[in-house]
Amino acid sequence: MKEENMIEYIRTIIDIALASLGYTIKEYKIDKPKNESFGDFSVNAAMSLASELKENPRNIAAGIIGRLEYDNTKISKITVAGAGFINFFISDDYYKSVLIKILEEKDNYGRSCLNEGKTANLEWVSANPTGLLHAGHGRQVCLGKAIANLLEWSGYEVTREYYYNDAGNQMNMLSKSVYARYMQLITPDFPFPPDGYHGEYIKEIAKIIFNNKGDALKDKEDDILFRETAEQYNFGRIKETLGKFNIKHDVFFNETSLYSQGDLKVLLEKFRENNLSYEKEGAVWLKMEDEGFEKDKVIVKSTGEPTYRLPDIAYHINKIKRGFDFIVDIFGSDHGDTYKEVLFGIRAAGYSTENIKVIIHQMVTFKTAAESVKMSKRSDKVYLLDDLISDAGIDATQFFFVMRAPGTQLDFDIDLAREQSDKNPVYYLQYAHARICGILRNAGEIISPEKICAPDFRYELINNSDEIDLLKILSLFPHEISEASYALEPHRIINYLNRTAEAFHKFYHNNRVIDAGNSELSKARLYLCYAAKQVLKNGFDVIGISAPERM
RNA sequence: GCGCCUGUAGCUCAGUUGGAUAGAGCAUCAGCCUUCUAAGCUGAGGGUCAAUGGUUCGAGUCCAUUCAGGCGUACCA
């Protein structure tokens, strides 16, 4: 689909005018002014040039405007204002053409071909199968879902990936914990390992084994069945939880394949050859202290096992070798330091990290009116993501986790998310969609909903400020998508949808859509409603919530 | 101690990559339903953008220092 973007159009005509005046300019911005009286878009090029040219920016702006050649069916007015802004006023006719565009592109309105033909890899969740997803994981789960969508909407072909480790100490402890619970089914006072995994799920796993095998494994603590059953059970439950969000990872990447395929050996050898590692006290260390890190870090323990850093580095190199154009990782802030070590390791091994972007999100606290919900892995009372979903509902959970910028420490108000009222921000958006659906249901006598794709209405009837304001906002959707996608910040879409819903509600409040006495006006407004519904729905798709027909 | 993140209205948070008069929701107060969904709309009050200094035409945004909170700072992952 062709992107007929007003911002790009303005940039093009400005560039031509600048060139004809002989100005060279590194960068200038095309913004949407906060105040409507300053027009629809403003350009700061004249101010950027002012210090260099040592001339009044308003004069420079006037000079640029004098050279501008533009289509006056699109732009109705251009003015100089303030310190030297060039303000563009877009014609109503242009916005009406956007309405037709929305009706034509439908579910694809807002998608861009900016990254067409490129591939992206998004890795997130990546919880090891030692336990279930707790509520805190939810932020990453939901954020990743929305970011994967954003990447797709900007044209990338996205591989959704999950990295896990089913070997090592943690899995041994899991196995021992299950064994202990299993033994407690036979002799109730069997001791539980002090560092063991608590939580009801361990007992569930033990029961499954006991039901299948009886007490046949009572002296076989090391039987592989304990570990395998636990892993299978945990992964099953994790995938089930992800399934509730409709998340399906394309690749589950097992860390052990890096051992069997020899990636780790090759990497270790490379570090050694390039004199980036050394042996001390039986362990292998990576030289990092001279590179701005606090100290050198162990990459192979004295036991011969690698620490997490080495396979993490090898894993990322593996991703680079698979040829992705863009690699995105999402980690919690508890990994805030380690990713830098990993990126350093990748560079030390001779690979570029410029196409790797790491998103670090801060932690979440859950609150109800009664208490602040604690989430300790050591505690029996873990607040699981499944619990949160059944408390708050799937849409509210997705919405609340995506609502805020990743860098903020999120307060998740469970009571608010659960509340089915006007206090709950997710309903404000969904209600706008449901309202439109209600209108369209009632529109049968004017125009049947199936016919709405054909733009045969009299668009000159759309002319009041509520209608035009709504159209203006609808026209910005593709731009918002590409901005949010570039920044990998889905919360921007929520902010945008809020403005969209607000504009619709205002339009609805002041304007009767279905008017039996004026079918032509009704028809035109129905098309506008349909376009608003389409934009809301597309936005909901991106952030990952449903678009209810009724509420 | 050191590193990263955060500090904006009573509360939860936006702030379009340095732009024009500081924004929303909730909460508080005052209005609007015999008419397509009132889960809505309209209005009011509420701010030393943590503090100080700096950079420039211009700073909530960038830099430095200080204060406060979160997360790290393992031969755990």
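Only this structure's heavy atoms are used, side chains among them; waters, hydrogens and symmetry mates stay out. Naming convention: chains lettered A, B, ... in sequence-line order (proteins, then strands); numbering from 1 in each chain.
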Describe the nucleic acid contact of [X] in one word from base, sugar-phosphate, nothing, applying a heavy-atom distance below 4.0 Å.
X	result
A/Asn165	sugar-phosphate
A/Ala432	nothing
A/Glu294	base
A/Asp166	nothing
A/Ala50	nothing
A/Phe400	nothing
A/Glu305	nothing
A/Arg499	nothing
A/Lys34	base
A/Thr307	sugar-phosphate
A/Thr130	nothing
A/Asn511	base
A/His479	nothing
A/Asn35	base

Show every donor-acceptor pair shorter than 3.5 Å between a side-chain atom in residues 79-86 of chain A and any protein atom, with sequence neighbours excluded, or say none if there are none.
none

Answer yes if the side chains of [X] and [Y] hold a donor-acceptor pair under 3.5 Å, and no otherwise.
X	Y	answer
A/Tyr278	A/Asp296	yes
A/Asp329	A/His316	yes
A/Asn128	A/Thr130	no
A/Gln420	A/Asn424	no

Assess the pair A/Tyr383 and A/Phe412: is the distance between their ring centroids shorter than 6.0 Å? no
Does B/rU6 adopt a syn or an anti glycosidic conformation, taking syn as a chi angle within 90° of 0? anti
What is the glycosidic conformation of B/rC33: syn, defined as within 90° of 0, or anti? syn
Distance between [atom1] atoms of [N] and [M] (Å, rounded):
N	M	atom1	value
B/rA50	B/rU8	C1'	10 Å
B/rU66	B/rC2	P	8 Å
B/rC75	B/rU16	C1'	47 Å
B/rA27	B/rC41	P	13 Å
B/rG70	B/rC32	C1'	45 Å
B/rG31	B/rG47	C1'	26 Å
B/rA9	B/rA51	P	11 Å
B/rU48	B/rG60	P	14 Å

Between A/Asn424 and A/Tyr508, the residue closer to the 5' end of RNA chain B by nearest nucleotide is A/Asn424
Closest-nucleotide ordering on RNA chain B, the 5'-leading residue of A/Asn498 and A/Ile360: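 Final value for this comparison: A/Ile360.
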Output yes when [X] and [Y] qualify as a salt bridge under the 4.0 Å nitrogen-oxygen rule, no when they do not.
X	Y	answer
A/Glu291	A/Lys287	no
A/Arg418	A/Asp415	yes
A/Glu161	A/Lys319	no

Specify whether A/Phe235 and A/Phe252 have parallel, tilted or perpendicular ring planes, treating 30° as the upper limit for parallel and 60° as the lower limit for perpendicular. perpendicular
Stem finding on RNA chain B, please: runs of three or more consecutive Watson-Crick or G-U wobble pairs, both distances under 3.5 Å, sorted by first number.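 Stems for RNA chain B, defined as runs of 3 or more consecutive pairs: B:1-7 with B:67-73, B:10-13 with B:23-26, B:28-32 with B:40-44, B:50-54 with B:62-66.
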First-last contacting nucleotides on RNA chain B - partner chain A, under 4.0 angstrom, heavy atom: B/rG1 to B/rA77
With rounding to the nearest 0.5 angstrom, report the OH to CD1 distance, A/Tyr162 to A/Ile238. 3.5 Å
